[in-house]
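Data first, discussion second: the structure below is written as structure tokens.
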Amino acid sequence: MSKKVKVRFAPSPTGDLHVGNIRTALFDWAYARHTGGTFLFRIEDTDTTRVTDEYIAAAIDTLKWLGLHLDEGPEVGGENCPYLQSQRLDIYAMWAQKFLDQKDAYHCYCSAEELEATRERQRAANVAPGYDGTCRDLSADQIAAHKDNGRIPVIRMRMPDGGTTFVDQIRGEVSFDHKFVPDFVLVRGDGSPLYTLAVAVDDVLMKVTHVLRGEDLLSSTPRQIRVYQAMGVAEADYPLFAHLPFVMGQDNAKLSKRNGEVSIAWYRDKGFLPEAICNYLALLGWSPGDDRENVSMKEICELFTVEKVHSSPARFDMKKLEAINGDKIRALTIDEFLTWSLPFLTKEKVITGTDAEIALVKKALPLIQERIIMLSEIPQMLKFLFVTKFEVEADSVSKITDDASKSVLKRALKELEPITQWSHDSIEGALRSSLIEDMGLKPRIAFGAVRIAITGSTISPPLFESMELLGKDASLARISQALAL
RNA sequence: GGCCCCGUCGUCUAGCGGCCUAGGACUCUGGCUUCUCAAGUCAGCUACGAGGGUUCGAAUCCCUUCGGGGCUACCA
């Protein structure tokens, strides 16, 4: 029987979760769900000066918002607690000691300056840079001398001669000659562990079966495998590796703050739906294999396999994300759309949240559902229905103060006044017969003027429906007000 | 510099030796529709980095080359 799949997402807390992180998390999650395995979240804080609780809370909140539910990790718990590497220091120390005892590792007393000098020399001589093995086989006397000099050692892993070959699930067989994989540091002079030690130990102890991570870690894999060997793990029990290609920015460099918005929080504020973000990100470096592009979270789980992941990097394209977000918004039911909309409307103080307001919003939403690409556009589009002190946009004022516009508005006012059944049909009928047929105006001219008077803008939801929702009194008042400009 | 990874339209991709005069989506351009803006719809633009092989036949296999990226830390 094959082992139950366990996939881990293990970011180092260097900032808010960003697009690149999330793409990795999404693939990790999707693979876990696809295989019926578990999705584990671990924090790699061996370097950072302590993770804050806020960071962890924010990260978990982001994952939850995206719909990437965790099976194991900080806050949710699990059988492999704790999930912060900073809380597992004694475990790493124990293994480091074991490696020392087994002679797989050794104390290295070289100073930073000496190492730097070695590298300089290697660079000058044009040979592979890396630790030269000075402290590999120190005698007791040499060690004593170093101690007398007050030198503090690091613990270094001994890389045996030969090489490491492993099968990357995305790239195929990858080989590294150990000539180019020097002895590496496991534990710093101050006793703290390095990433290479901590990941390997944790992945084994937490029974991770698949390591899906960024391509930048590809060349650290031989070191990780070396630790497995030292731990006595059988080769058949090594996790399988799959190195995901990068997500690049417009400038063909790894996506960063410089080349676009990368913080997931930014997308959330802008009104991107989590489904849209996941759908788009899923398409970066992966595809279902056919021409299908609009996929739900459920479909991503069903269809996702590592084999279909690309080996080449993908560029992040905001336009495509926007297009997908628009599609997802249009696919929402009105109640779902309403739920998503309300926070944006209250945040912009367009509404306070009364039942009457919400009822009106719900009626207006169908008018704008296919006109927006981000939820943050909603307040601007519906504002005219709620403002108490109405004002025409500065740029549009001059478009309705000319004589032609004034006569349109006057006529509109006159035709609208007698309407008793205030509906978009009756409004349209009255306006068409008078402004278009009688006055012989082009619809875009005639209705354009009314639109500005009613909504204050040249861009708005459909005019007659908007007037119906605004109500007769308010509509007539606005036209009168426009006439007075 | 060394090691490793990568290379199909502007972008994301389909393609796994004949279905490819290379398909889809986004973007862009033009048309239709139209009360604005959208949405919808139709059409168009544009790609196998280059050069050698292998083969009856190559985007698909091999080699070289060029280009891009990563790593080369007591970062992850």
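What's counted below: heavy atoms across the whole structure, side chains too, no hydrogens, waters or symmetry copies. To find a chain, count down the sequence lines: A is the first, B the second, and so on, and within it residues start at 1. Since the structure is predicted, the reported quantities are computational estimates derived from the model, not experimental observations.
- Nucleic acid contact class of A:Gly289 (heavy atoms, under 4.0 Å, all strands): sugar-phosphate only.
- The side chain of A:Leu283 approaches B:C12 more closely than any other nucleotide in the set B:A14, B:C12, B:C28.
- Between A:Phe180 and A:Arg156, the one whose closest nucleotide on RNA chain B sits nearer the 5' end is A:Phe180.
- In the model, A:Asp202 has a side-chain atom that pairs as donor or acceptor with a side-chain atom of A:Tyr92 under 3.5 Å.
- The ring pair (Phe, Tyr, Trp, His ring centres under 6.0 Å) search around A:His146 returns A:Tyr109, not counting sequence neighbours.
- No donor-acceptor contact under 3.5 Å links the side chain of A:Gln122 to the base of B:G2.
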Nucleotide N/O of nucleotides 43-47 of chain B paired with protein N/O under 3.5 Å:
none

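- Closest approach of A:Ile155 and A:Ala105 over heavy atoms only: CG2-CB, 3.8 Å.
- A:Gly285 comes within 4.0 angstrom of the backbone, heavy atoms only, and of no base.
- Rounding to whole angstrom units, CZ of residue A:Phe316 and P of B:U27 are separated by 14 Å.
- Scanning for ring pair (Phe, Tyr, Trp, His ring centres under 6.0 Å) contacts around A:Phe176 gives an empty result, with sequence neighbours left out.
- Listed in residue order, the members of residues 187-199 of chain A having a heavy atom less than 4.0 Å from RNA chain B are A:Arg188, A:Gly189, A:Leu194, A:Tyr195.
- Legend: residues meeting side-chain contact (heavy atoms from CB on, under 4.5 Å) with A:Arg371, ordered by chain and number and at least two apart, are A:Met381, A:Pro462.
- The salt bridge (Lys or Arg N to Asp or Glu O under 4.0 Å) test applied to A:Lys383 returns no partner, not counting sequence neighbours.
- Residues in residues 443-459 of chain A take part in these side chain to side chain donor-acceptor pair (under 3.5 Å) pairs, two or more places apart or across chains: A:Glu393-A:Ser457, A:Arg451-A:Ser460.
- Shortest non-hydrogen contact noted between A:Asn325 and A:Met374 is ND2-CA, 3.8 Å.
- With both ends at atom P, the span from B:G23 to B:A14 equals 15 Å, rounded to whole Å.
- In this structure, the nucleotide among B:C5, B:C74, B:U72 sitting nearest to the side chain of A:Val174 is B:C5.
- With distances taken from any side-chain atom of A:Ala314 to the nucleotides B:C5, B:U13, B:A25, the minimum falls on B:U13.
- Counting any heavy atom pair closer than 4.0 Å across all strands shown, A:Arg213 reaches no nucleic acid atom.
- OP1 or OP2 of B:U72 has not a single side-chain nitrogen or oxygen of A:Arg119 nearer than 4.0 Å.
- The two residues A:Arg171 and A:Val174 make their nearest non-hydrogen contact at CB-CG2, 4.4 Å.
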Nucleotides 34-41 of chain B: which of its N/O atoms have a protein N/O under 3.5 Å away?
unit_1 : atom_1 : unit_2   : atom_2 : d
B:C35  : OP1    : A:Arg432 : NH2    : 2.5
B:C35  : O2'    : A:Arg451 : NH2    : 3.0
B:C35  : O2     : A:Arg451 : NH2    : 2.4
B:C35  : N3     : A:Leu463 : N      : 3.4
B:U36  : O2'    : A:Thr458 : O      : 2.9
B:U36  : N1     : A:Arg451 : NH2    : 3.3
B:U36  : O2     : A:Ser460 : N      : 2.8
B:U36  : O2     : A:Ser460 : O      : 3.0
B:U36  : N3     : A:Arg451 : NH1    : 3.4
B:U36  : N3     : A:Ser460 : O      : 2.6
B:U36  : O4     : A:Arg371 : NH1    : 3.3
B:U36  : O4     : A:Pro462 : N      : 3.3
B:C37  : O2     : A:Arg371 : NH1    : 3.0
B:C37  : N3     : A:Arg371 : NH1    : 2.1
B:C37  : N4     : A:Arg371 : NH1    : 3.2
B:A38  : O2'    : A:Glu370 : O      : 2.5
B:A38  : N1     : A:Glu370 : OE2    : 3.2
B:A38  : N3     : A:Glu370 : OE2    : 3.3
B:A39  : O4'    : A:Glu370 : O      : 3.4

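- Closest to the side chain of A:Val154, out of B:A25, B:C71, B:C74, is B:C74.
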Write down the protein N/O and nucleotide N/O pairs, taken from nucleotides 6-10 of chain B, whose separation is under 3.5 Å; answer none if there are no such pairs.
none

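- Partners of A:His210 by ring pair (Phe, Tyr, Trp, His ring centres under 6.0 Å), not counting sequence neighbours, listed by chain and number: A:Tyr31.
- Checked against salt bridge (Lys or Arg N to Asp or Glu O under 4.0 Å), A:Arg330 has the following partners two or more places apart in sequence or in another chain: A:Asp327.
- A:Lys308 comes within 4.0 angstrom of the backbone, heavy atoms only, and of no base.
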Could you list the donor-acceptor pairs under 3.5 angstrom formed by side chains in residues 305-313 of chain A, with sequence neighbours left out?
unit_1   : atom_1 : unit_2   : atom_2 : d
A:His310 : ND1    : A:Ser312 : OG     : 3.4

